[in-house]
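Numbered from 1 within each chain, the chains take letters A, B, ... in sequence-line order. Model, not experiment: these values are computed from the prediction. Every heavy atom of this structure was used, including side-chain atoms; hydrogens, water molecules and symmetry mates were not.
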2 protein chains.
Amino acid sequence: MAHGSTRPTSRDVAQAAGVSQAAVSLVLGDKWRGRVSETTAERVREAARELGYRPNLAARNLRLGHTRTVLLVVPALTTEFFAGVYTGAARIAAQHGFGVVLYPSPEGIGPARNPFASAQAALDGIIASSMAADALTAIRGDQLPLVMLDSDPAGSLGAATVNLDITDGIRQVTDHLLGLGHRRFLHLAADVASWTFEVRAHELAARIGDVPGTSLLTVRAPISIEDARTATETALAAKGPRPTAIVCDDDKLAAGAYKAARRLGLRIPDDLSITGLDDLALATAIDPELTTVRLDAELFGERGMQALLAVLEGREPEEGDIPVELVVRGSTAPPSAP
Amino acid sequence: MAHGSTRPTSRDVAQAAGVSQAAVSLVLGDKWRGRVSETTAERVREAARELGYRPNLAARNLRLGHTRTVLLVVPALTTEFFAGVYTGAARIAAQHGFGVVLYPSPEGIGPARNPFASAQAALDGIIASSMAADALTAIRGDQLPLVMLDSDPAGSLGAATVNLDITDGIRQVTDHLLGLGHRRFLHLAADVASWTFEVRAHELAARIGDVPGTSLLTVRAPISIEDARTATETALAAKGPRPTAIVCDDDKLAAGAYKAARRLGLRIPDDLSITGLDDLALATAIDPELTTVRLDAELFGERGMQALLAVLEGREPEEGDIPVELVVRGSTAPPSAP
DNA sequence: CCGCATAGGTTTTACGTATAACGTCGTCCG
DNA sequence: CGGACGACGTTATACGTAAAACCTATGCGG
């Protein structure tokens, strides 16, 4: 404590109530049945209330050897997706007496050799989302129990993984677009070194490559509306037959594609079908509303936390990817001209 | 530690290096100059590396009496605004050896008598954003150093406050719209019990009420695109002369207003001017791009952290609201018909 | 050659908590 | 009527770290 009077300790409460520190700990820890009389217990509680006592968590954590706190590492908070992940994780955590501390990966936050140098909280475990491989090995250094979200099961160094069924999502998208009659595709890919985006690219190429008479062009852009717009604009302005459908790795990229289409005078979905992936609020804000793949962020967070709890208790985490669902809206239609 | 071998302690390192625990603490704490020889220091560091030693933060925090960790309480993460606040706060914090733990206010996370029961981290201080008054008194119960963001300076129970100059933002919006010739206004207000939104309503009424021949209708909606759409739609469908400009408390509300306008066949900005507040990514995703008030979220977070550091060091926090800036885009124009 | 500084450590202590181990009454059963 | 037991506590201890206080050789100036 920096200034003035220090915070009251359990010993202060004990003195005020005329009992021993152990009695205070018993009463406040709700372990006093048959050990302390009701009247004494009430006197202790009263004294604690009077002094405004709050237990020192550092001391408690040290004594107990655990903190009942886990860290949720997310790449960024620039979409509400990870808010959902947090909400789900925190819900399950709360049911088990755990707390969740959120740690957005630092971008320009300053040099941290260890990515958790600035998350000083004492932790029992970590849930990390969409980590790059090098960051993963760093994080494995802390031998804390670890669950990886959206990460390559093969390359996760033995950590438990929980994944969305992105492969199936891409399948649904391609089935939808191929069914509408599209043959020439542009893949607007997120310029992010993350396994989940590699899966998108790989699966898309496989699905479309399977069909004769199709073409697939790929262009990369950082996940920002403006970057997506310029990338799309230059790709669409290229000579040769224009793609009739753009598959975007992300709703935000899709919003950029919308802007590119507008600037080129292309109408959606008449001249150009566009799909996203996430189903953010953004998807229904733009016109026409975006056909996209809905990811259940909260369920994702819940499953992640459940897996971590399993690891902490020495159990085997539940298997199985989380299903995703194509939501068809107004941004996709059959291609107009052959 | 739950399973298997317990983590190595500084004593284990000491034993491995053949020195005392104190020496380890000295070396690893970088306080060994003139106390330990370079060769011994290196031996200690080597042993620590070998064992994968990481200090027990609970023990350190207990010993030191502080945690160099502060809590940032935000109402929700459904927009990227608070991501910016975090980024700014974390940047300043890192410069001073502090960490920031993010705590999105619980919605359905479970019953927490104390809003911080689930944020179990041991803290040195709290930065709380846009809190309702009742939550504030609860939080003041923990006598931790506290900085309030976007909160009534008069009613903040002596806590330091840092505010955006929303009053000026509303002034800029009304000047802009009145200058364009608008006289009939609709205020699409956020249905949130927060001081900053009261300020918006109050200032708007004052600014517009000052001008003869004006009218101001207010309609409330939760901050969601769909709620905003329905609220706006019913308001615009009412009989009587239609408003020519909609002032929204928030960009997301504005996106809802766009959708309402589209469904009513009103063109933006020809038939209807719309303004937002925040300047989220959303603002440039919709068509036409939204005229809105840009809030510098990162600066907001920086100033909040600086204020908290000042409080922690017993200094007086810097005074003065954070300037905001009207960004004029395509959603506002002079009204068409008189 | 004494005293004293200095390098290079070690021993000890305290932080606040939870809990195991230990008392001390009175009561009640055999 | 002895002793076992329950009710109601207390005393003592350990968690892992940081740092103050202490120790011991060696070198060096006077």
Side-chain angles (χ1 to χ4, degrees), chain A residues 1-2 5-45 47-48 51-69 97 120-124, chain B residues 1-2 5-45 47-48 51-69 97 120-124:
Chain A
M1 294 292 92
S5 55
T6 179
R7 254 175 44 179
T9 74
S10 63
R11 214 172 307 268
D12 296 327
V13 175
Q15 185 159 10
V19 297
S20 72
Q21 179 266 330
V24 173
S25 181
L26 254 12
V27 171
L28 267 31
D30 219 36
K31 300 213 150 76
W32 56 280
R33 279 162 274 259
R35 319 264 287 115
V36 177
S37 71
E38 173 56 47
T39 55
T40 309
E42 185 48 37
R43 214 165 63 234
V44 168
R45 283 189 287 260
L51 293 176
Y53 169 73
R54 284 201 331 144
N56 180 318
L57 291 185
R60 169 177 295 173
N61 291 342
L62 174 59
R63 173 68 231 250
L64 258 24
H66 63 243
T67 60
R68 309 240 143 218
T69 299
Q120 343 233 9
L123 304 170
D124 282 356
Chain B
M1 296 297 94
S5 57
T6 178
R7 251 172 47 179
T9 74
S10 62
R11 215 172 307 267
D12 297 327
V13 176
Q15 185 158 9
V19 297
S20 71
Q21 179 267 332
V24 174
S25 181
L26 253 11
V27 171
L28 267 32
D30 218 38
K31 299 216 151 77
W32 56 283
R33 278 161 273 261
R35 318 264 287 114
V36 177
S37 73
E38 173 56 46
T39 55
T40 308
E42 185 49 37
R43 216 168 60 236
V44 168
R45 284 189 287 258
L51 293 175
Y53 169 73
R54 284 200 332 144
N56 180 318
L57 292 184
R60 169 178 292 174
N61 291 341
L62 175 58
R63 175 66 233 249
L64 259 23
H66 64 245
T67 59
R68 309 238 141 219
T69 299
Q120 343 232 11
L123 304 171
D124 282 357

> Does the pair B/Thr69 and B/Asp124 meet the rule for a side chain to side chain contact (heavy atoms under 4.5 Å, CB included), with working shown?
Replying inline: CA-CA 6 Å; B/Thr69 299; B/Asp124 282 357; over 6 Å; no
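Between B/Thr9 and B/Asn56 there is no side-chain heavy-atom pair separated by less than 4.5 Å.
In terms of the salt bridge (charged side-chain N to carboxylate O under 4.0 Å, His left out) criterion, B/Arg11 has no residue partners (sequence neighbours excluded). Scored by the side-chain contact (heavy atoms from CB on, under 4.5 Å) test, B/Ala48 finds B/Val13, B/Leu28, B/Tyr53 as partners (sequence neighbours excluded). With sequence neighbours left out, the side-chain contact (heavy atoms from CB on, under 4.5 Å) criterion links B/Arg35 to B/Leu26. The side-chain contact (heavy atoms from CB on, under 4.5 Å) test applied to B/Ala16 returns B/Ala47, B/Leu51, not counting sequence neighbours.
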Interface polar pairs with nucleotides 20-27 of chain D, N/O, under 3.5 angstrom:
unit_1: D/dA21; atom_1: N6; unit_2: B/Arg35; atom_2: NH2; d: 3.3

Under 3.5 Å between N/O atoms: give me all the protein pairs with nucleotides 4-6 of chain D, atom names plus distance.
none

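We find that B/Arg45 and B/Glu38 are joined by a salt bridge, their nearest charged nitrogen and carboxylate oxygen being less than 4.0 Å apart.
Judged by closest nucleotide on DNA chain C, B/Glu38 is the one of A/Val24 and B/Glu38 placed further toward the 5' end. Place B/Leu62 and B/Val36 on DNA chain C by their nearest nucleotides, and B/Val36 ends up nearer the 5' end.
Computed from coordinates, the A/Arg11 CZ to D/dA12 P distance equals 12 Å when rounded to whole Å. Taking atom CG on B/Leu64 and atom C1' on C/dG16, their separation rounds to 14 Å, with Å as the unit. In this entry the distance linking CG of A/Asn61 with P of D/dC15 reads 16 Å, nearest Å. Per the geometry, OH belonging to A/Tyr53 stands 7 Å off C1' belonging to C/dG16, to the nearest Å. In this structure, A/Arg43 atom CZ and D/dG9 atom P are separated by 7 Å, rounded to whole Å. The nearest whole Å value for the distance from the NZ atom in B/Lys31 to the P atom in D/dT17 is 15 Å. When the C1' atom of D/dG16 is taken as reference, atom CZ of B/Arg60 falls 11 Å away, rounded to whole Å. Regarding A/Trp32, its CH2 atom lies at a distance of 11 Å from the P atom of D/dG9, rounded to whole Å.
Phosphate contact (OP1/OP2 of D/dG16, side-chain N/O of B/Ser10, threshold under 4.0 Å): absent.
Using a 4.0 Å heavy-atom distance criterion, B/Val19 is classed as a sugar-phosphate-only contact. Using a 4.0 Å heavy-atom cutoff across all strands shown, B/Ser25 reaches at least one base atom of the nucleic acid. Residue A/Ser20 is in base contact, counting any heavy-atom pair closer than 4.0 Å across all strands shown.
Between B/Ala17 and B/Val44, the closest heavy-atom pair is CB-CA, 4.0 Å.
Checking C/dG9, C/dT17, D/dT17 against the side-chain heavy atoms of B/Thr40 singles out C/dG9 as nearest.
Summarising the local packing, CD of B/Gln15 is surrounded by 12 or fewer heavy atoms from other residues, nucleotides or ligands at distances under 6.0 Å.
Formation of a donor-acceptor pair under 3.5 Å by the A/Asn61 side chain with backbone atoms of B/Ala58 is not found in this model.
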